[in-house]
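Below, chains carry the letters A, B, ... as their sequence lines are ordered, and counting in each starts from 1. Computed from a predicted structure; not experimentally measured.
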There are 2 protein chains.
Amino acid sequence: MSAPQIDAVTLDGAGPLYDQIRRAIRDLILAGTWPPGTAVPAEHALMEKLGASRMTVHRALAQLAREGLITRRRRSGTIVASPPASHAMLDILSIPQEVRELGQIYSYRILQRSNGKASRDLATRFELGRSANVAHLTLLHFAGGAPHVLEDRVIHSETIPQVTDESFAETPPGDWLLQNSLWTQAEHAISAIAADPQEAELLKIDAGEPCLLVERRTWNQAEPITAVRLLYPGGRHRFVGRFGPYGSV
Amino acid sequence: MSAPQIDAVTLDGAGPLYDQIRRAIRDLILAGTWPPGTAVPAEHALMEKLGASRMTVHRALAQLAREGLITRRRRSGTIVASPPASHAMLDILSIPQEVRELGQIYSYRILQRSNGKASRDLATRFELGRSANVAHLTLLHFAGGAPHVLEDRVIHSETIPQVTDESFAETPPGDWLLQNSLWTQAEHAISAIAADPQEAELLKIDAGEPCLLVERRTWNQAEPITAVRLLYPGGRHRFVGRFGPYGSV
DNA sequence: CCTTTTTATTTGCATATGCAAATCGAGCTT
DNA sequence: AAGCTCGATTTGCATATGCAAATAAAAAGG
């Protein structure tokens, strides 16, 4: 059918009707029940199902469209949009893309890979429970043959079970996750540290050289997905962002 | 009168009516014609002035309210909102505030101050024309008596003429600018560098220690306002931001 | 004078209606 | 088969109407 899951739209009775509709549909999208590309029921269908007027349904959908969650076209109807690839502020989510935008050839190498419980060291570094079942990866990304960034990542196997069978031979884990998971929250911390001897050797810089350290953790609702530590040789890297006081003006 | 400048609201005839109204009012706010706190004309007044229905006017204002540009209250009416103090992502716009949030006593000292044309060095560092008339300031911010960050700033005197007569004895320039200027665009770059001997001495760290370098430039429309270079001792500082793929979910 | 009640104003929400614009598809024409 | 016309569907916009909620200001009451 054209409107696959119209019965999934249920209102919670809290607040204005148009906002209940908006949240109901938003939640279906964020939960992954309606993945990108799914056809959203037409205004008339929602109107009948929910017993609201078309203007009220329209208001909810128009707002979701402004927020970028859905794409609407006359006659064609409404579909769930793909999440924006990058966020306004220094969201370098894809390292291959980042390297290619510098005009260089991208490659990567997995240095280490393991599955199992988080070690004490990892649990501390990524602030997660010892009992968490995780995949742990260490890899090095190259730009034109030269080391670009050192990545240290854990992925929660409970949230993303497919990770256990994935070799990451084709796609580095960051990009793989973008395709195989949905995130609603991220935390991003940037600091400057000196490279320790081991890191320096891998990155082919001198020990003690300043590096940018990016630590990012992402969740879907309350469930942790991944935590990553990216170490960039400092002299060569900077993060740039543009924004206005109210977002994008 | 309660609606000071209703005649300033003029439509451009481009696109949907509600959006013309929305943009007309938004532009008055961003241009500073209606500073924060100004009473926005009531829906009825705009309705008569513009010849639109109340629903249409309401739609424009409701959207501006969602965007945070205005604040609306029943019976009291609508006023222009104050710009949000900090933006989602690592906008530490106020250093005094940043220090106080760390639970420490804030103070600062001006190391150098001059007015005039930008020197070659400054022009290069901040990517501006040699002919620009600027105020140039170097200052050191302290947290609980210890150096916190080294600030190097230029302010365009043409855009902000009051700067020439301001001593910055009471308020550091970053905070002063927040009160005395309006910005619509900012650019933010973060990198890691090693402190040079002179900087290290001021910050009371060892030369070569990794530091976070934040470079920020702000504009109002196309007019440059200020460019600043903030050097944070690295071990002690990190920037944290939280966000979702669609902004705030 | 202080407190309570009433009134009036302003925004917020929902509905019904009508028309316009975009565009997908079917059917028709050549 | 290729192109064209036309009808049907879906979203987009604007209006008019009515009522509800919040609340500032005025009026009433003690």
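If you check every strand for non-hydrogen atoms under 4.0 Å, A:A62 touches nothing.
With B:Y106 as the partner, the side chain to side chain donor-acceptor pair (under 3.5 Å) test is satisfied by one option alone out of B:Q97, B:H141, B:E98: B:H141.
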Considering only nitrogen or oxygen atoms on both sides, find all protein atoms under 3.5 Å from nucleotides 22-26 of chain C and state each distance.
from	atom 1	to	atom 2	distance (Å)
C:dC24	OP1	A:R73	NH2	2.8
C:dC24	OP1	A:S76	OG	3.4
C:dC24	O2	A:R75	NH1	2.8

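A salt bridge is defined here as a Lys NZ or Arg NE, NH1 or NH2 lying under 4.0 Å from an Asp or Glu carboxylate O, and B:R22 with B:E67 meets this definition. One finds a salt bridge joining A:R238 and B:E215 here, because a Lys/Arg side-chain nitrogen approaches an Asp/Glu carboxylate oxygen to under 4.0 Å. Between B:D19 and B:R59 there is no salt bridge, since none of the side-chain N atoms of the basic residue sits less than 4.0 Å from a carboxylate O of the acidic one. The existence of a salt bridge linking A:E43 and A:R72 is confirmed by a sub-4.0 Å separation between a basic side-chain nitrogen and an acidic carboxylate oxygen.
Taking the 5' to 3' direction, DNA chain D first and last meets chain B under 4.0 angstrom from a heavy atom at D:dC13 to D:dA25.
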Ring pair (Phe, Tyr, Trp, His ring centres under 6.0 Å) between B:H188 and A:F239, worked out: CA-CA 8 Å; B:H188 207 110; A:F239 293 109; over 10 Å; no

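Across every non-hydrogen atom of A:G13 and A:Q20, the tightest pair is N-OE1, 2.7 Å.
If you find the closest nucleotide of DNA chain C to A:R54 and to A:L17, the one lying nearer the 5' end belongs to A:L17.
With sequence neighbours excluded, the residues forming a ring pair (Phe, Tyr, Trp, His ring centres under 6.0 Å) with A:W176 are A:F168, listed by chain and number.
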